[in-house]
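Just below is one structure, and these are the notes that go with it.
These numbers come from a predicted model, not from an experiment.
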Amino acid sequence: MTDRGLLKLPVGIESFEKIRTEGFYYVDKTAMIRDLLCKWGEVNLFTRPRRFGKSLNMS
(Lines give C-alpha, C1' and ligand atoms only; values in the text may rest on other atoms or scores of the structure.)
Protein backbone atom coordinates (compact mmCIF):
# COMPACT_ATOMS: atom_id res chain seq x y z
CA MET A 1 0.00 0.00 0.00
CA THR A 2 1.10 3.52 -0.67
CA ASP A 3 0.74 6.55 1.55
CA ARG A 4 -2.84 7.28 2.67
CA GLY A 5 -3.78 3.70 1.72
CA LEU A 6 -4.39 4.52 -1.97
CA LEU A 7 -3.36 1.99 -4.58
CA LYS A 8 -1.90 3.02 -7.93
CA LEU A 9 -3.56 2.05 -11.23
CA PRO A 10 -1.30 -0.27 -13.26
CA VAL A 11 -1.47 1.74 -16.49
CA GLY A 12 1.11 0.31 -18.89
CA ILE A 13 2.35 -2.29 -16.39
CA GLU A 14 2.50 -5.79 -17.90
CA SER A 15 4.37 -7.64 -15.16
CA PHE A 16 2.01 -9.49 -12.80
CA GLU A 17 4.79 -9.71 -10.22
CA LYS A 18 5.28 -5.93 -10.30
CA ILE A 19 1.53 -5.31 -9.98
CA ARG A 20 1.34 -7.53 -6.88
CA THR A 21 4.57 -6.40 -5.17
CA GLU A 22 4.65 -2.66 -5.86
CA GLY A 23 1.23 -1.60 -4.59
CA PHE A 24 -0.87 -1.49 -7.74
CA TYR A 25 -4.65 -1.99 -7.83
CA TYR A 26 -5.55 -5.58 -8.79
CA VAL A 27 -8.90 -7.38 -9.03
CA ASP A 28 -8.95 -11.18 -8.78
CA LYS A 29 -11.71 -12.44 -11.09
CA THR A 30 -11.28 -16.15 -10.33
CA ALA A 31 -14.70 -16.39 -8.64
CA MET A 32 -16.35 -14.67 -11.59
CA ILE A 33 -14.89 -17.25 -14.00
CA ARG A 34 -16.09 -20.07 -11.74
CA ASP A 35 -19.59 -18.57 -11.69
CA LEU A 36 -19.62 -18.26 -15.48
CA LEU A 37 -18.69 -21.91 -15.85
CA CYS A 38 -21.17 -23.17 -13.24
CA LYS A 39 -24.11 -20.86 -14.01
CA TRP A 40 -23.66 -20.49 -17.74
CA GLY A 41 -26.19 -18.92 -20.03
CA GLU A 42 -26.78 -19.59 -23.69
CA VAL A 43 -25.07 -16.27 -24.44
CA ASN A 44 -22.57 -14.27 -22.37
CA LEU A 45 -21.66 -10.79 -23.56
CA PHE A 46 -18.29 -9.34 -22.58
CA THR A 47 -17.92 -5.71 -23.56
CA ARG A 48 -14.76 -3.64 -23.55
CA PRO A 49 -13.94 0.01 -24.12
CA ARG A 50 -13.23 1.07 -27.68
CA ARG A 51 -9.67 0.28 -28.83
CA PHE A 52 -8.94 -1.65 -25.61
CA GLY A 53 -7.01 -4.92 -25.77
CA LYS A 54 -6.73 -5.30 -29.53
CA SER A 55 -2.95 -5.78 -29.46
CA LEU A 56 -2.75 -8.30 -26.60
CA ASN A 57 -1.83 -11.17 -28.92
CA MET A 58 1.07 -9.31 -30.54
CA SER A 59 3.76 -10.01 -27.94
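- Residues Phe24 and Lys18 share a closest heavy-atom pair of CD1-O, 3.6 Å.
- Here the CZ atom belonging to Arg34 is positioned 7.5 Å from the NZ atom belonging to Lys39, to the nearest 0.5 angstrom.
- Tracing side-chain contacts under 4.5 Å through hydrophobic residues (I, L, V, M, F, W, Y), one reaches Val11 starting from Val27; they form part of the same cluster.
- Lys8 approaches Glu22 most closely through the heavy-atom pair NZ-O, 3.1 Å.
- In this structure, CE on Met32 lies 5.5 Å from CG on Leu36, to the nearest 0.5 angstrom.
- The two residues Leu9 and Tyr25 make their nearest non-hydrogen contact at CD2-CB, 4.2 Å.
- Cluster membership for Leu7 and Tyr26, using ILVMFWY side-chain heavy atoms within less than 4.5 angstrom, is not shared.
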